[in-house]
There are 2 protein chains.
Amino acid sequence: MELIRRNTDYALRALVLMAKDRTGDVYVVTRLANEARVPEDFLRKTLQRLDKAGIIESKRGPKGGFQLSKDPARISVLDVMEAVQGPLAVNRCFLKDIGCDNFNRCELKEKLIGAQQDMVDLFKSVTIRELAAERG
Amino acid sequence: MELIRRNTDYALRALVLMAKDRTGDVYVVTRLANEARVPEDFLRKTLQRLDKAGIIESKRGPKGGFQLSKDPARISVLDVMEAVQGPLAVNRCFLKDIGCDNFNRCELKEKLIGAQQDMVDLFKSVTIRELAAERG
DNA sequence: TATAAAGAGGACTAAAATTGTCCTATAAGG
DNA sequence: CCTTATAGGACAATTTTAGTCCTCTTTATA
Ligand code: FES
Ligand code: FES
């Protein structure tokens, strides 16, 4: 099983493209999609989520597009994952909007919640800047 | 998104039940399923995978059932996850049987593969014994 | 040896999630 | 006011997950 779904993967690729030349430009989805070889409409919907999460900003109209709204060093892979595919949990029980009627009696959860926190921290520590920095 | 699917969750619960009283008993799926409040047939299929992975052993016939074949301290959550739901990867590209035609040129992979290894190590470090030890 | 109690294994299904596509609306520059 | 771009939602195809069911094999024991 993979942790990163297609849409998150696409989002990461687009963000890296944007982070590479920090000209402050606005990027049109058509171009990002071509360069990342990714379905355009799907990418656009995904970028809209990043916009709502405050990771990028959208501008409509001619000369419009998407633009980073943060320093790439301050955008973590976790931020992107959670913006695109929702909260990251080890077990379904630990998701707020699902929950578990057995939570109080459950004997598995302490250790697993610990592991979940470690995992979250792990992906919080990898940033777009680092991804963009690989091989120049 | 959650890392542990239903079948892995069920498997963990069954393993913890087995680990709790180390009488060396053989456990019938009907009983495990009742105690863990889990669908019996589905649990049986899941336990069959644990058997193939060498984590438990099955015995057919009357007085048959499943039995731990290792010390619970030597069964990690990762072992169970991989036995039940296959290899754990950060990105689809990193799964052997899927792969990626862009792998050589890809600029995202180094950091992400590093994170993947950390994640694997993390779940390798949590054992059934620890899960079973919670609250007596 | 007949019977019954288990798991083995595969076919099948239902439901849910993922991964898209498409159409209309809205915003803004020129 | 025309064109370029995103916004947003409805829709569809595919894949995955989760589960059920049926038949077969193994084995203890009456
Ligand atoms: S928290 Fe739900 S069963 Fe453990
Ligand atoms: S390894 Fe497949 S695109 Fe990065």
Side-chain angles (χ1 to χ4, degrees), chain A residues 1-14 18 25-34 36-53 55-69 81 84-89 91-92 95 97-98, chain B residues 1-14 18 25-34 36-53 55-69 81 84-89 91-92 95 97-98:
Chain A
M1 206 215 40
E2 60 268 10
L3 219 65
I4 289 182
R5 296 204 299 251
R6 304 282 84 218
N7 46 9
T8 304
D9 180 290
Y10 298 165
L12 289 174
R13 296 197 218 176
M18 292 192 244
D25 284 17
V26 168
Y27 296 84
V28 169
V29 174
T30 309
R31 185 182 144 200
L32 293 172
N34 283 337
R37 299 209 237 133
V38 144
E40 175 175 339
D41 281 337
F42 192 40
L43 177 60
R44 183 175 294 107
K45 301 208 68 160
T46 303
L47 294 182
Q48 286 168 16
R49 293 189 178 213
L50 296 186
D51 173 63
K52 285 192 178 165
I55 294 169
I56 61 182
E57 275 170 41
S58 72
K59 276 182 66 178
R60 292 187 181 186
K63 302 280 177 187
F66 291 92
Q67 187 175 20
L68 289 178
S69 61
M81 288 178 65
V84 171
Q85 57 190 33
L88 175 62
N91 198 337
R92 172 177 292 252
L95 287 168
D97 50 352
I98 291 183
Chain B
M1 207 217 38
E2 61 269 8
L3 219 65
I4 289 183
R5 296 204 299 250
R6 304 283 80 222
N7 46 9
T8 304
D9 180 291
Y10 299 164
L12 289 174
R13 296 197 218 176
M18 292 193 245
D25 283 18
V26 169
Y27 296 85
V28 170
V29 174
T30 309
R31 186 182 144 202
L32 292 171
N34 284 337
R37 299 211 236 133
V38 145
E40 176 176 338
D41 280 338
F42 192 40
L43 177 60
R44 183 175 295 106
K45 300 206 68 159
T46 303
L47 294 183
Q48 284 169 17
R49 294 191 177 212
L50 296 185
D51 172 62
K52 284 192 179 164
I55 294 169
I56 61 182
E57 274 169 41
S58 73
K59 277 182 64 177
R60 293 187 180 186
K63 301 280 179 186
F66 291 93
Q67 187 176 20
L68 289 178
S69 61
M81 290 179 63
V84 171
Q85 56 191 35
L88 175 62
N91 198 337
R92 173 177 289 252
L95 288 168
D97 50 351
I98 292 184

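We use all heavy atoms of the structure for the numbers below, so side chains are in, but hydrogens, waters and symmetry mates are not. Convention: sequence-line order gives letters A, B, ...; per-chain numbering from 1.
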May I have the list of side-chain donor-acceptor pairs in residues 37-44 of chain B shorter than 3.5 Å, sequence neighbours left out?
residue, atom, partner, partner atom, Å
B:Glu40, OE2, B:Thr30, OG1, 3.1
B:Glu40, OE2, B:Arg44, NH2, 3.0
B:Asp41, OD1, B:Arg44, NH1, 3.0

Where the side chain of A:Ser69 meets the backbone of A:Ile55, is there a donor-acceptor pair that is under 3.5 Å apart?
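Between the backbone of A:Ile55 and the side chain of A:Ser69 there is a qualifying donor-acceptor contact (under 3.5 Å).
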Taking A:Gln85 for its side chain and A:Leu3 for its backbone only, find out whether a donor-acceptor pair lies under 3.5 Å.
yes
To the nearest Å, give me how far apart [atom1] ([X]) and [atom2] ([N]) are.
X	N	atom1	atom2	value
B:Leu47	C:dA6	CG	C1'	13 Å
B:Leu50	C:dA8	CG	P	11 Å
B:Arg49	D:dG19	CZ	P	14 Å
A:Gln85	C:dT18	CD	C1'	11 Å
B:Arg44	D:dG19	CZ	P	15 Å
A:Glu2	C:dT19	CD	C1'	13 Å
A:Gln48	D:dA5	CD	C1'	12 Å
B:Phe66	C:dA6	CZ	P	12 Å

Closest non-hydrogen atom pair, B:Ala11 against B:Val84
CB-CG2, 4.2 Å
Minimum heavy-atom separation for A:Leu47 to A:Ile56, with atom names?
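Closest pair (atom of A:Leu47, atom of A:Ile56, distance): O-CD1, 3.5 Å.
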Take nucleotides 20-30 of chain D nucleotide by nucleotide from the 5' end and write B, S or -, depending on whether a protein heavy atom sits under 4.0 Å from the base, only from the sugar-phosphate, or from neither.
BB---BBBB--
Heavy-atom neighbours of B:Arg13 CZ exceed 12 at 6.0 Å:
yes
If I take atom CE from residue B:Met18 and atom CG from residue B:Leu68, how far apart are they, to the nearest 0.5 angstrom?
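Reported value, rounded in 0.5 Å steps: 5.5 Å.
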To the nearest 0.5 angstrom, please state how far the OG1 atom of A:Thr46 sits from the CG atom of A:Asp51.
12.5 Å
Think A:Tyr10 has a side-chain N or O under 4.0 angstrom from the OP1 or OP2 of C:dT19?
no
Using a cut-off of less than 4.0 Å, is there contact between a side-chain N or O of B:Ser58 and OP1 or OP2 of C:dA6?
no
Measure from the side-chain heavy atoms of A:Met1 and tell me the nearest of D:dT17, C:dA8, D:dG8.
D:dT17
Under a 3.5 Å cutoff, is there a donor and acceptor pairing between the side chains of B:Asn91 and A:Arg6?
yes
Contacts under 3.5 Å, N or O only, protein and nucleotides 12-17 of chain C:
none

